[in-house]
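Accompanying notes for the structure given below.
All values below were derived from every heavy atom in this structure, side-chain atoms included, with hydrogens, water molecules and symmetry-related copies excluded. Order of the sequence lines sets the chain letters (A, B, ...), proteins ahead of strands, with each chain counted from 1.
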Amino acid sequence: MSAKRLLFIFSASPFGNSLGSAGLDAVLAASVFDQDVTLIFQMDGIYQLVDGGNSASIGLKDYRKGFKALEMYGVDKVIVDAADLNERGLTGNELAIPVQLLTRKEIAAVIQQADTVLSF
Amino acid sequence: MSAKRLLFIFSASPFGNSLGSAGLDAVLAASVFDQDVTLIFQMDGIYQLVDGGNSASIGLKDYRKGFKALEMYGVDKVIVDAADLNERGLTGNELAIPVQLLTRKEIAAVIQQADTVLSF
Amino acid sequence: MMTLHIFNQGTHQTELLNKCLESLTPGDTLLFIEDGVIWTTSSPFDRLNKRLKVTGIDIYTLSEDISARGLESLRAETVQMVDYPGFVSLTEKHNHSISWF
Amino acid sequence: MMTLHIFNQGTHQTELLNKCLESLTPGDTLLFIEDGVIWTTSSPFDRLNKRLKVTGIDIYTLSEDISARGLESLRAETVQMVDYPGFVSLTEKHNHSISWF
Amino acid sequence: MIYSIVVYGAPHSSQAPYSAYHFIKSALAMGHSVYRVFFYHDGALNGSSLAVSPQDDNLLPDAWRKLKELHNMDLVICIGAGIKRGVINQQESQRYERQQHSLDDIFELSGLGQLVDATLKSDRVITFGAR
Amino acid sequence: MIYSIVVYGAPHSSQAPYSAYHFIKSALAMGHSVYRVFFYHDGALNGSSLAVSPQDDNLLPDAWRKLKELHNMDLVICIGAGIKRGVINQQESQRYERQQHSLDDIFELSGLGQLVDATLKSDRVITFGAR
């Protein structure tokens, strides 16, 4: 069976709910199965990628470190919505991993190419 | 112990989540304890009060009928945010029970008078 | 590779709706289910329509969810109703779907 | 009878923030916790500030939540930080609170 | 066509599992097959055998059972999501030294590989999402 | 001052119970008392004794236990919210003919009257909300 193009969209902020952590686990599972994996971060989901932070202060484990390990798993297609980044006063330098900044129109084209889309 | 002024604010739409049902149960409990109970419906919470509907079609019980029973429990202070009603293209005639339409400024004054506020 | 967009949140999620609308490609379909059906009624639909910049988008609303909430008489006329079998048909016709929540 | 407003949702809940801001009475306090601390950073705070029509509102953000998310350097300078003991002090000083979520 | 369904929401807290069930029933009636239902995130709570509807007003537990019996449908609770939320079978209960267990035996506890496998073996994957 | 705390969110799905715990710890350290913690809506899931953190990374179950032991704090799971979500004690398990039970014994299952009572007997009621 040939690899499928799996697209994972992260829209939820970290820690307030567990969608980000659930999404990361799903991405890692897909990478183990050698699928063609792409990640899109949009809206408050962009904060999943902000570097640093100490979640011990709120009693939660910092699962976000897992995003830094993605490259080791061969996952390197990481897209951030450029307008959403900008609307949050971020430049991209705050992020923990290298990302591709795309316009919404370019992201819409990426969505069209996916076989399966999972949202988190 | 003298009665407390308990304010219940409903902001969530019906059926998609169970906050409306949880809020209704809490209101009924407060009325049994003879407290001074006021309800505010705002944002999509206003749809909790829309008359009619057949939730058997989605396999859920229509707890919303309970709002019609509130008057029997002596709960008659029911406030709806007039601007939110209007923004949804509603006039008030669609609602299952008599309500008081207030401006946001008037609602802010009601909030100030409450001893305890619970949101749903 | 047209996309079926499935939106299930009410008007408190206006930002999510905007993001969904911006993500449409001509020929895509937008289906509102659960609390999302609120967007296919009266003034909320007018607001949606103003923000919809892409042409050639079919918009549907799930009749069971409209009916559960008593919103039949408020439904915008230009929105098409589908029931669950109609929902399944929409998924047949589109290669993939995105759920917005 | 001043009110402490506790807001714990991120910017996807812009409509809820608007409703919260409209509900303020002069002298009220607004505290952001959990995902809500995003509103006290950079551009999101600028947007909040533009919508804030009531004067005399103190705005706080919970330092533990700012720190957990790595947002220290983005925090708007005019927002005051409180830690959990500071949060408790705020609840002492206000007769009642509303949680927005 | 071959469908797989992903459910993120818990019964009683979210409409997602109810919508998923109605969708599946229609898809089957229209001649489609459902390869797997994968319960993820709060959807894992669908696997609890201990949830009670005092007024028998919740169709779901019986509905999933019938789907399992009539169509031998693969109903998978994500094991990671399940054990965090207290949805565990006897084996996990022993492993983690708990006194009791909660998983309804029509569901299987398994890993996220089952989600990836479902995306590979299905023509359509439909998510019923919940925050 | 006398506080009561209302928790709407489940552990692992929501930050609400963690925030509630940190708030309570600070309030006690500052000399306040906490009359009751009322777990409502998905907050009822805090009462499960079957939830497992494989990497021992969840402070909550131990944290509630310590609060109970050190301060004899009243930890009430709303019975209506609990039974719908599979958080039941032995008695409810028998009543509804279940094979197993799940309530951690540091929590008490009780009705919404306990929430109303808490609002009457406390100077402050703080809600940690979740959708």
Could you name the residues of residues 89-101 of chain D that have a heavy atom within less than 4.5 Å of a heavy atom in chain A? none
Residue selection (most heavy-atom pairs with chain A, distance under 4.5 Å) from D:Asn8, D:Ile38, D:Ile66, D:Asp83: D:Ile38
Which members of residues 45-61 of chain D, sorted by number, sit under 4.5 angstrom from chain A on a heavy-atom basis? D:Arg47
Side-chain donor-acceptor pair present, A:Gln48, A:Tyr63, cut-off under 3.5 Å: yes
Please say which of A:Tyr47, A:Phe120, A:Phe67 ends up in a ring-ring contact (aromatic ring centres under 6.0 Å, His included) with A:Phe41. A:Phe67
Compute whether any side-chain donor of one residue and acceptor of the other, for D:Thr11 and A:Asp44, lie under 3.5 angstrom apart. yes
Non-hydrogen atoms of chain D under 4.5 Å away: do they reach the side chain of A:Asn86, the backbone, both or neither? backbone
Can any side-chain N or O of A:Ser55 pair as donor or acceptor with the backbone N or O of A:Asp62 at less than 3.5 Å? yes
Okay, side chain of A:Thr103, backbone of A:Glu106: is any donor-acceptor separation there less than 3.5 Å? yes
By a 4.5 Å heavy-atom criterion (distance strictly below it), what part of A:Phe15 contacts chain D: side chain, backbone, both, or neither? both
What's the separation between atom OG in A:Ser57 and atom CG in D:Asp65, rounded to the nearest 0.5 Å? 7.0 Å
D:Ile33 portion near chain A, given a 4.5 angstrom heavy-atom threshold: neither
Measuring from atom CD1 of A:Ile79 to atom CD1 of A:Ile111, what distance do you get when rounded to the nearest 0.5 angstrom? 9.5 Å
Assert top hit (heavy-atom pairs under 4.5 Å, partner chain A, pool D:Gly70, D:Ser73, D:Ala68) equals D:Ala68
For chain D, the option from A:Ser11, A:Gly52, A:Ala56, A:Gly16 that forms the most heavy-atom pairs under 4.5 Å: A:Gly16
If you round to the nearest 0.5 Å, how far is OG of A:Ser31 from CG of A:Asp36? 12.0 Å
Salt bridge check, A:Asp51 against A:Lys68: does any charged N sit closer than 4.0 Å to a carboxylate O? yes
Looking only at side-chain N and O atoms, does D:Ser43 offer a donor or acceptor that is under 3.5 Å from a partner on A:Glu87? no
Out of the candidates A:Val37, A:Ile107, A:Val110, only one should pair with A:Leu7 under the side-chain contact (heavy atoms from CB on, under 4.5 Å) rule; please name it. A:Val110
Can you say whether D:Ser67 sits under 4.5 Å from chain A via the side chain, the backbone, both, or neither, judging by heavy atoms? both
Donor-acceptor side-chain pairing of A:Arg5 and A:Gln35 below 3.5 angstrom: no
In terms of heavy-atom pairs under 4.5 Å, which option from D:Gly10, D:Gly36, D:Pro44, D:Ser63 contacts chain A the most? D:Pro44
Can you check whether D:Leu31 reaches D:Phe7 side chain to side chain, under 4.5 Å on heavy atoms? no
